[in-house]
Amino acid sequence: MDKVMSNKWVIALYVLPSLLIIMGIIYIPIVLTGYYGLMEWDGVSAMTFIGLENYTTLFNDSAFWSSVSHSFLFAVLSTVSLGVYLLVALVLSGNIKGANLLRKIYLIPMLLSSVAIAQLWLKIYHPTNGILNSALESLGIQDPPAWLAEPSLVLYALFVPILWQFAGFYILIYYAALKNIPTTLIEAARIDGATPWQIAFKIKLPLIAEVFKVTIVLAVVGSLKYFDLIYVMTDGGPNGASEVMASYMYHKAFRGFDFGYGSAIGFFLLIICLVATWIIRRMTASKDNIQYS
Amino acid sequence: MSTLNSVTTVKQPAVGRSAAGTRIGYGLLYLVLLIAAVAQILPLVWLFLFSLKNNQEVFNLPPFSLPASPKWENYVTVWQQGSIGRYFMNSVSITLISVVLTILLASFVTFAITRMRWKLSAVVLGLFMIGLMIPVHSTLIPLFILFQKLGMTDSHSSIILSYTAFNLPITIMILLGFYYTLPREVEEAAVMDGCSVNRIFFQIILPMTSSVLVTAAIINMIYNWNEFIFVNTFISTDTLKTLTVGVQNFVGQYTTDWGAIGATLMISILPILIMFMVLSNRIVEGIAAGSVKG
């Protein structure tokens, strides 16, 4: 048995192809991003080593920092909205009629491509014929704003389709976790005279705390690297008002042909995502993990 | 004991009121849930309606009205004029090849990690799991340069390789849980009978995992079908683009023709919507299982 199941040739045959693929497509490029970040390079002619110059430029680049702040605004908004999703999931998991259908309906936008969602919401926000402004006008509001052209509104206007896209995903995760709680536990609490609110906040929520922590990481890291929808809807505009880290990197590299600087931004994005994951994990780590079987 | 008693006696009279209160509360909550469901669906209904209108009808009729005669010809026009059919076939072939490749490779790796004995298995598993945390954008520039040097930009092979690499970690993660639950006796008996590892994998284990493979395949399909940035960066020839990216360019040409844009978007989302109607339980299960990739 042991001899057959530890055959080195078979293991190599099974594992090496995949390992080579992730090395070539994920890990080597990550190292190269760090390396290119130390170069001045337009992607075509020879590279020049300039040390940390890209990073000092990055540090003083106010356009970059405003893109960072926009990414973090999305991260904060997404994290806050998790609370709402959790409430919806709590209600949904409480033996409500049609809960299964409802959670499927919530999920539909998540299955669509960000491009299709972005194109659809461009139409919704269309200043004159969009459904939003026609609705506002029929309610008697004169001159509703051109949502995506207002620097002060554009980030919030972009957040709505993001919310629309991912709400069902988080609700589904929470719903699945809540349904996993053994009913005997809830029954015992009910017999002891716990109110529905007490059951929800004192029993159910602590039991799905682990899942909640995972979703915070997902929401934050997902927001920090958010790209597609913004690229299609505003392309960072108007005048950089909705630029985020990934779109800034894309513009510098593939429009400005500054591959060295673009790589420095890409490397910074990687570091920020890893550090954010680590910090959230540390902050939410608890010594007394509640377990049940 | 006395406090317990007093609590119950104080509570008794309140039960009637609180039950009614709870019912009203639940009614309100239910209403909120329904409104949320409508909010999720309404934009798509509106999209469908304006895909059947001409500009005059879009601008002059109320948004949720039906046009006098539905302009199904919008669909015919966009299908005939652009390369939508081409994009569609590209999306189908790229998605299918990537999914089959990813599922097969991930099964090999998961089998080797969970069923076979070797020293570095934990390290290798770690490498795949760390891959879950790497943002695609941080690899984009070197990948573009790499594929350019290998002459692979503007070909589907660069896209398929990228999809496979970035979906392997999540697929392995979904498979792992299932592989751990398979009883060891299965291979023990097979080894006794003189089975080779290859036969154990292909003829015994792989068929046993078919249900989780379907779940993993669905997740892979949704991600690949909707992927944007790789295709947008690596592919420049129009006829090689996928539906997601092609639609983006195509819509750009029709900025003022709402019906055509609506029809294009409907065509691009219809396959996923149909798949969802047929396989919704599987998809829900798959997304819950693969929730680590946001």
Side-chain angles (χ1 to χ4, degrees), chain A residues 1-2 4-7 10-11 14-15 17-19 21-22 25-26 29-30 32-33 36 88 91-92 96 102 104-109 111-116 119-120 124 129 131 134 168-169 172-173 176 218 222 225 227-228 232 246 249 253-254 259 262-263 266-267 269-270 273-274 277, chain B residues 22 29-30 33 36-37 40-41 43 46-47 58-59 63 105 108-109 111-112 115-118 124 127-128 131 133-135 137-143 145-146 161-162 164-166 168 187-188 191 197 222 226 228-229 233 244 247-248 251 261 265 268-269 272 276 280 284 287-288 291 294:
Chain A
M1 170 81 184
D2 279 2
V4 178
M5 296 310 276
S6 53
N7 182 331
V10 176
I11 291 167
Y14 280 18
V15 174
S18 305
L19 207 54
I21 290 177
I22 66 157
I25 305 287
I26 301 180
I30 286 294
L32 285 175
T33 301
Y36 293 160
V88 172
V91 179
L92 213 54
I96 262 190
L102 279 173
K104 282 177 191 167
I105 290 176
Y106 295 152
L107 196 66
I108 290 175
L111 306 171
L112 311 179
S113 73
S114 296
V115 172
Q119 289 294 351
L120 173 58
I124 290 174
N129 302 313
I131 192 174
S134 357
F169 171 69
L172 171 66
I173 296 177
L218 286 182
K225 60 186 189 191
F227 175 81
D228 299 3
V232 175
M249 181 217 87
F254 294 101
F259 279 71
S263 297
F267 199 67
L269 175 67
L270 171 73
C273 286
L274 294 181
T277 309
Chain B
T22 313
L29 289 170
Y30 201 62
L33 293 186
Q40 293 300 87
I41 296 277
W46 181 60
L47 168 66
V58 173
F59 300 157
L105 288 174
F108 276 137
V109 172
F111 178 82
R115 319 301 286 190
M116 302 186 71
R117 278 168 220 134
W118 44 298
V124 169
L127 274 177
F128 282 104
M133 299 196 292
I134 309 287
H137 309 87
S138 302
T139 63
L140 198 62
I141 295 170
L143 276 181
I145 304 291
L146 180 80
L161 268 180
S162 304
T164 305
F166 277 96
L168 269 175
E187 309 95 279
E188 268 164 26
V191 171
V197 182
I222 294 171
N226 292 333
F228 175 72
I229 196 169
T233 311
T244 306
V247 158
Q248 167 65 7
V251 165
I261 294 173
L265 292 178
S268 84
I269 65 177
I272 294 272
F276 187 61
S280 64
V284 164
I287 289 178
S291 58

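Only heavy atoms go into these numbers, but all of them, side chains included; no hydrogens, no water, no symmetry mates. Residue numbers start from 1 in every chain, and the chains themselves are labelled A, B, ... in the order their sequence lines are given, proteins ahead of strands. Since this is a predicted model, take the numbers as computed values, not measurements.
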- [ ] Could you look at B:Val197 and say if it's the side chain, the backbone, both or neither that has a heavy atom under 4.5 Å from chain A?
- [x] both
Task: Qualifying residues under side-chain hydrogen bond (donor to acceptor under 3.5 Å, both in side chains), relative to B:Thr244, sequence neighbours excluded - done: none
Task: Heavy-atom proximity to chain B below 4.5 Å, by part of A:Leu120 - done: both
Task: Check: B:Leu33 main-chain N/O paired with A:Tyr106 side-chain donor or acceptor under 3.5 Å - done: yes
Task: B:Ile141 vs A:Tyr36 side-chain heavy atoms within contact, under 4.5 Å - done: yes
Task: Heavy-atom check, side chain of B:Gln248 versus side chain of A:Val232, under 4.5 Å - done: yes
Open item on the list: Using heavy-atom distances under 4.5 Å, tell me whether A:Phe259 contacts chain B through its side chain, its backbone, both, or neither.
Closed with: both
Task: Contacting region of B:Val284 [heavy-atom separation from chain A under 4.5 Å] - done: both
- [ ] Sort A:Phe254 into side chain, backbone, both or neither according to what part of it lies under 4.5 angstrom from a heavy atom of chain B.
- [x] side chain
TODO: Give, as side chain, backbone, both or neither, the part of A:Ile21 having an atom under 4.5 angstrom from any heavy atom of chain B.
DONE: both
Task: Side chain B:Asn226, main chain A:Leu111, donor-acceptor under 3.5 Å - done: yes
Task: Region of B:Ile145 in contact with chain A, defined by heavy-atom distances below 4.5 Å - done: side chain
- [ ] Can you sort out the partners of A:Tyr14 under side-chain hydrogen bond (donor to acceptor under 3.5 Å, both in side chains), two or more places apart, ordered by chain and number?
- [x] B:Asn198
Task: Structural part of B:Phe111 lying under 4.5 Å from a heavy atom of chain A - done: side chain
- [ ] Could you check if a side-chain atom of A:Met249 sits within less than 4.5 angstrom of a side-chain atom of B:Leu140, using non-hydrogen atoms only?
- [x] yes
TODO: Indicate yes or no for a side-chain donor-acceptor contact from B:Ser138 to the backbone of A:Gly266 under 3.5 Å, with no hydrogens or angles considered.
DONE: yes
- [ ] Give, as side chain, backbone, both or neither, the part of B:Leu265 having an atom under 4.5 angstrom from any heavy atom of chain A.
- [x] side chain
Task: Any B:Trp46 side-chain heavy atom under 4.5 Å of A:Ile124 side chain - done: yes
Task: Matching residue for A:Ile25 among B:Leu168, B:Leu143, B:Thr164, B:Thr139 - test: side-chain contact (heavy atoms from CB on, under 4.5 Å) - done: B:Leu143
Open item on the list: Less than 4.5 Å to any heavy atom of chain B: does that hold for the side chain of A:Leu172, its backbone, both, or neither?
Closed with: side chain
TODO: Go through the atoms of A:Ile105 and report whether side chain, backbone, both or neither lie under 4.5 Å from a heavy atom of chain B.
DONE: both
Task: Heavy-atom contact with chain B under 4.5 Å, split by part of A:Thr277 - done: side chain
